[in-house]
Structure formats: C-alpha cells, structure tokens
Amino acid sequence: MLRSAAGQLFGVLRGTVGLTTSRLGAAGAVRHSHSNESAEEFDARYEAYFGRSDIDHWEARKGMNDLLGMDLIPEPKVIVAALKACRRLNDYALAIRFLEGCKDKCGNKVNEIYPYLLQEIRPTLTELGIETPEELGYDQPELALKSVYDMH
C-alpha cells in the first residue's frame, strides 16, 4: 500500500517538477533491486553507472554505498570504474574510502581476497596515482599504544 502511494506521489511530483525520465533512469538504476539479472549484467550496470561523464559526487557516493551495502564483494572491473569516477570528480578521499570499504567486505577472507583485488586493480591505481590505504599508513592506528602483553 505504501509503495503504491509513494509511486503515485513520485509520478505527480515528477510531472510537476518536470524531471525527465532519462535523468531519473540513470540515478534510479542503482536504487532498484534487479534480482533476476545475471552477474555480468549486474557488473555492466554498475560499470555504466560509474562510467557516466555527468556523474556527480552525490551519485558516486550513493552508488558506492549501495554497492558496499550488498552481500557481495565488488568485481575488480566495477572497482576500477568507481575509482575512475573518483578521479573524474577529483575526490581522492572517496577513492581511499571505497578501497577501505572493499577491503572490509572481504571479511575473514581478507588475506585471500584483498590481495587478489589489489593485483587486479594495481594498473589502474598506478595510472590514476591512487595509493592504497596500506601505502598511506591508514591500516595502522596513528596514536595506538603498544599492548602491555606485547611489552618485554
């Protein structure tokens, strides 16, 4: 009931404000669940989303947040597309945060999956001049004290 009412309200607002469906289609492509699409179609959809020349900061963050909120680890080609979007937006911090999020998605298999992801995206990182969080020292806390159990 709420979904249909929200859909009708959105249709009225879209007509009133004059939003075009082409603009909404690009932003809405990430928001809707596509449970019957294949993995290749899913990857292609996100590559196209991040590959748009008119993507803005909000849309990039929304796409990355949606992607990292799913129960999956992004494919390297999707990560590359997202990093290139960060470069087009000149948002280095967003690229680093996205890499941190991808590492976090690896869970307890981080020692197996994350090196593979880095190996696959390394040429793009070099091309774009992006360092990994580990290269920047973000994997170690800056002001952490040594554990009393490790002191001798």
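We use all heavy atoms of the structure for the numbers below, so side chains are in, but hydrogens, waters and symmetry mates are not. No experiment lies behind these values; they were computed from the predicted model shown.
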request  = Please confirm whether the backbone N or O of Lys109 pairs with a side-chain atom of Glu112, one donor and one acceptor, at under 3.5 Å?
outcome  = no
key: Exercise: identify the closest heavy-atom pair between Glu131 and Tyr92   = N-OH, 3.0 Å
key: Gap separating the SG atom of Cys86 from the CZ atom of Arg97, nearest 0.5 angstrom   = 12.0 Å
task = Go through the steps for Ile73 and Cys102 under the test side chain to side chain contact (heavy atoms under 4.5 Å, CB included), then give the verdict.
result = CA-CA 7 Å; Ile73 300 169; Cys102 292; 5.8 Å; no
message = Test your reading of the model: is there a side-chain donor-acceptor pair from Gln140 to the backbone of Gly137, 3.5 Å cut-off?
response = no
note = Residues at least two apart in sequence or cross-chain that pass side-chain hydrogen bond (donor to acceptor under 3.5 Å, both in side chains) with Asp139, listed by chain then number, are none
note = On a heavy-atom basis, the closest approach of Ala95 and Ile130 is CB-CD1, 4.0 Å
Over all atoms of both residues, closest heavy-atom pair of Ile121 and Pro76 = CG2-O, 3.8 Å
remark   = Rounding to 0.5 Å, atoms CG (Leu72) and CG (Asp43) come to a distance of 9.0 Å
inquiry  = In this structure, would Val78 and Leu89 fall into the same cluster of hydrophobic residues linked by side-chain contacts under 4.5 Å?
reply    = no
query = Under a 4.5 Å cut-off applied to non-hydrogen side-chain atoms, are Phe42 and Leu67 in contact?
reply = yes
remark   = Here the pair of heavy atoms bringing Asp91 nearest to Leu94 is OD1-N, 3.2 Å
task = Using modelled atom types only, decide if a donor and an acceptor are shared between the side chain of Glu120 and the backbone of Leu117 within a distance under 3.5 Å.
result = no
query = Can you list the residues that meet the side-chain contact (heavy atoms from CB on, under 4.5 Å) rule with Pro133, with sequence neighbours excluded?
reply = Ile96, Leu99, Glu100, Tyr114, Tyr138
query = Is it true that the NZ or CZ of Arg52 lies under 6.0 Å from the centre of Phe50's six-membered ring and within 45 degrees of the ring axis?
reply = no
ask   = Is Arg88 atom CZ crowded by more than 12 heavy atoms from other residues, nucleotides or ligands, each under 6.0 Å away?
value = yes
Arg122 side chain near Leu125 side chain, heavy-atom distance below 4.5 Å = yes
note = Between Asp56 and Glu59 the two heavy atoms that sit nearest each other are OD1-N, 2.8 Å
request  = Identify the two heavy atoms, one from Pro74 and one from Leu68, that lie closest to each other, and give their separation to 0.1 Å.
outcome  = CG-CD2, 4.4 Å
request  = Please determine if Arg87 and Glu127 form a salt bridge, counting it only when a charged side-chain N lies under 4.0 Å from a carboxylate O.
outcome  = no
key: Nearest-0.5 Å distance, NZ of residue Lys77 to CD of residue Glu47   = 5.5 Å
